[in-house]
Chemist: 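A single structure is presented below for examination.
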Amino acid sequence: MKLRATRKGAIVSVLALALVASCGGRRDRTPIEDQTAEQIYRNAEYQLEVNRADDAAELFSEIERLYPYSELAKRALIMQAYAWHQDKKYEETRAAAQRYIDFYPADEDAAYAQYLLALSYYDQIDEVGRDQGLTFQALQALRVVIENYPDSEYADSAILKFDLAFNHLAAKEMEIGRYYHRRKHYTASINRFRAVVEQFQTTTHTPEALYRLVEAYVALGLFSEAQTAGAILGYNYQSTAWYDDAYTLLTGKGLRPELAGDNWLSQIYRQMVRGEWL
């Protein structure tokens, strides 16, 4: 990723390349304390260009240390966060990005700092089977980008990543629910599938969650709940294989997918019919 030179200075100038090339492609051998902020910054840019992000981050941090009140110090701080992220040093990314937000909350690059902070969590989201604490943190940080910087160039990307992370959490609930379901621990599985229906209803996992609820409630003999889950499934996802299977299961028991009884699913059904759900 290359950042615009006018804002984040990630594009290396010809002067910077010539300066470092004259040193044989290495850092300026002048002691760091004797270099100007501009010299250190150009060297840091070069380190990014040649894929030495860790060296670049260290050099950007030196500007912050040696020239804390210079204009380059502000630019170097956001570039430090960028370089740490390129090097997959996520804790360091968060620390630098958060300092930028704290020091320069009204600056135009504050949105980018917040986006980098969110990415430092998002990029660590692992396979579904792992702990989802980072997913929650990614969602919180992405929400800040979306709500505080809606007109920034990062808002659309943040929305997309928010939806993907949200879907990831639903997948975790489904995985655990299926685990209990296969072992016929239906009460435990229902709790997980209910969480998907109530909390993650905009994700791609909702149709299966409703079908699994039909299965679990039929197995427990709770037919009103099963019928109502089938009705919700039919109202929203009638063209899916999940509804076809639910319909076959219910009619095989002499039941129909329809609102029945007074339970948590019937409340959702009434809300959905009034247009207040999904």
Side-chain angles (χ1 to χ4, degrees), residues 1-13 37 41 44-45 47-49 53-54 56-61 63-65 67-126 131-172 199-204 278:
M1 172 181 176
K2 289 188 176 180
L3 309 179
R4 291 192 296 276
T6 55
R7 293 182 55 192
K8 305 177 181 72
I11 299 177
V12 179
S13 66
Y41 192 91
E45 286 183 313
Q47 301 305 321
L48 274 179
E49 185 72 10
D54 55 340
E58 294 290 351
L59 286 167
F60 286 126
S61 69
I63 298 174
E64 189 185 6
R65 178 178 71 89
Y67 302 96
Y69 304 110
S70 66
E71 181 62 26
L72 271 181
K74 179 171 74 170
R75 194 188 309 173
L77 181 53
I78 191 69
M79 290 303 299
Q80 184 186 155
Y82 170 73
W84 282 131
H85 184 258
Q86 290 295 101
D87 199 40
K88 296 181 171 34
K89 299 289 180 61
Y90 297 117
E91 289 188 13
E92 290 85 346
T93 301
R94 288 192 283 275
Q98 189 61 60
R99 283 203 308 280
Y100 194 94
I101 295 166
D102 292 341
F103 294 162
Y104 313 108
D107 189 81
E108 63 176 343
D109 282 332
Y112 183 63
Q114 180 62 44
Y115 183 67
L116 278 175
L117 195 154
L119 284 183
S120 73
Y121 290 116
Y122 181 84
D123 289 348
Q124 287 185 280
I125 296 175
D126 239 328
D131 176 73
Q132 299 303 296
L134 286 169
T135 309
F136 280 108
Q137 291 173 302
L139 285 168
Q140 291 171 347
L142 287 166
R143 184 183 293 278
V144 174
V145 177
I146 296 165
E147 294 181 350
N148 292 5
Y149 309 100
D151 299 323
S152 75
E153 61 189 288
Y154 311 107
D156 288 344
S157 178
I159 291 170
L160 175 61
K161 287 179 170 57
F162 185 95
D163 289 343
L164 291 172
F166 200 61
N167 202 69
H168 193 86
L169 286 178
K172 176 67 173 180
Q199 301 172 32
F200 304 102
Q201 61 266 78
T202 58
T203 70
T204 59
L278 292 185

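Predicted, not measured: the structure shown is a model, and the values here were computed from it.
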Chemist: For the pair Asn167 (side chain) and Thr204 (backbone), establish whether a donor and an acceptor sit closer than 3.5 Å, ignoring hydrogens and angles.
Modeler: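 Answer holds: yes.
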Chemist: Over all heavy atoms of both residues, which pair between Asp107 and Tyr100 is shortest? Give the atoms and the distance, please.
Modeler: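 Looking at all heavy atoms of both residues, the closest pair is OD2-OH, 2.6 Å.
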Chemist: Under 4.5 Å between any side-chain heavy atoms of Tyr104 and Leu77, yes or no?
Modeler: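 Yes, at least one pair of side-chain atoms sits under 4.5 Å.
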Chemist: Check whether any side-chain heavy atom of Ile159 lies under 4.5 Å from a side-chain heavy atom of Asp163, and answer yes or no.
Modeler: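 Yes. Closest side-chain heavy atoms under 4.5 Å.
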Chemist: So which heavy atom on Ala110 is nearest to which on Ile101, and how close?
Modeler: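 Scanning both residues completely, I find the closest heavy atoms to be O-CG1, 4.2 Å.
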Chemist: As an exercise, state the distance from CD of Gln86 to OG1 of Thr93, rounded to the nearest 0.5 Å.
Modeler: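 These two atoms lie 9.0 Å from each other.
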Chemist: Is it true that, when you exclude Arg143 itself, more than 12 heavy atoms of the residues, nucleotides or ligands shown sit nearer than 6.0 Å to its CZ?
Modeler: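 No, the 6.0 Å shell around CZ holds no more than 12 heavy atoms from other groups.
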Chemist: Show your working on side chain to side chain contact (heavy atoms under 4.5 Å, CB included) between Leu160 and Asp156 and close with a plain yes or no.
Modeler: CA-CA 6 Å; Leu160 175 61; Asp156 288 344; over 6 Å; no
Chemist: What are the two closest non-hydrogen atoms of Leu169 and Phe200, and how far apart are they?
Modeler: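 What the structure gives for the nearest pair is CB-CE2, 3.7 Å.
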Chemist: Are the side chains of Tyr90 and Trp84 in touch, meaning some heavy atoms are under 4.5 Å apart?
Modeler: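 They are not in side-chain contact.
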Chemist: Roughly how far, to the nearest 0.5 Å, is the OG atom of Ser152 from the CD atom of Glu108?
Modeler: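 Output value for this atom pair is 11.5 Å.
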Chemist: Output yes when a side-chain donor or acceptor of Gln114 lies under 3.5 Å from a complementary backbone atom of Ala141, and no otherwise.
Modeler: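 Here the side-chain-to-backbone pair exists.
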Chemist: Working to the nearest 0.5 angstrom, can you tell me the gap between Tyr82 OH and Phe60 CZ?
Modeler: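 CZ of Phe60 is found 9.5 Å from OH of Tyr82.
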Chemist: Can you see which heavy atom on Thr135 is nearest to which on Ala165, and at what distance?
Modeler: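 Shortest heavy-atom contact: CG2-O, 3.4 Å.
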Chemist: Are Gln80 and Arg99 close enough that some pair of their side-chain heavy atoms sits under 4.5 Å apart?
Modeler: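 Heavy-atom side-chain distance check passes, below 4.5 Å.
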Chemist: In Å and rounded to the nearest 0.5 Å, what is the CD1 to CZ distance from Ile125 to Phe136?
Modeler: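 Separation between the atoms: 11.0 Å.
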Chemist: Would you say the side-chain atoms of Asp87 pair up with the backbone N or O of Lys89, donor to acceptor, closer than 3.5 Å?
Modeler: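 Not a single qualifying donor-acceptor pair exists.
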Chemist: If I compare all heavy atoms of Ile63 with all of Ala37, which pair ends up nearest, and what's the gap?
Modeler: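 Minimum heavy-atom separation between Ile63 and Ala37: CD1-O, 3.8 Å.
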Chemist: Kindly compute the distance separating OG (Ser70) from CD (Glu64), expressed to the nearest 0.5 Å.
Modeler: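 That separation rounds to 10.0 Å.
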Chemist: Anything under 30° is parallel, anything over 60° is perpendicular, the rest tilted; go ahead and classify Phe166 against Phe162.
Modeler: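 Rings of Phe166 and Phe162: parallel, as their planes differ by under 30°.
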Chemist: About how many Å separate CG of Leu119 and OH of Tyr112, when rounded to the nearest 0.5 Å?
Modeler: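 Those atoms lie 8.0 Å apart.
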Chemist: Heavy atoms only: give me the nearest Lys161-Tyr122 pair and the separation to one decimal.
Modeler: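 What the structure gives for the nearest pair is O-CE1, 3.4 Å.
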Chemist: Hey, are the side chains of Leu48 and Met79 touching, using non-hydrogen atoms and a 4.5 Å cut-off?
Modeler: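 Side-chain contact under 4.5 Å: yes.
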Chemist: Does NZ or CZ of Arg94 come closer than 6.0 Å to the centre of the six-membered ring of Tyr121, within 45° of the ring's axis?
Modeler: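 So Arg94 does make the cation-pi contact.
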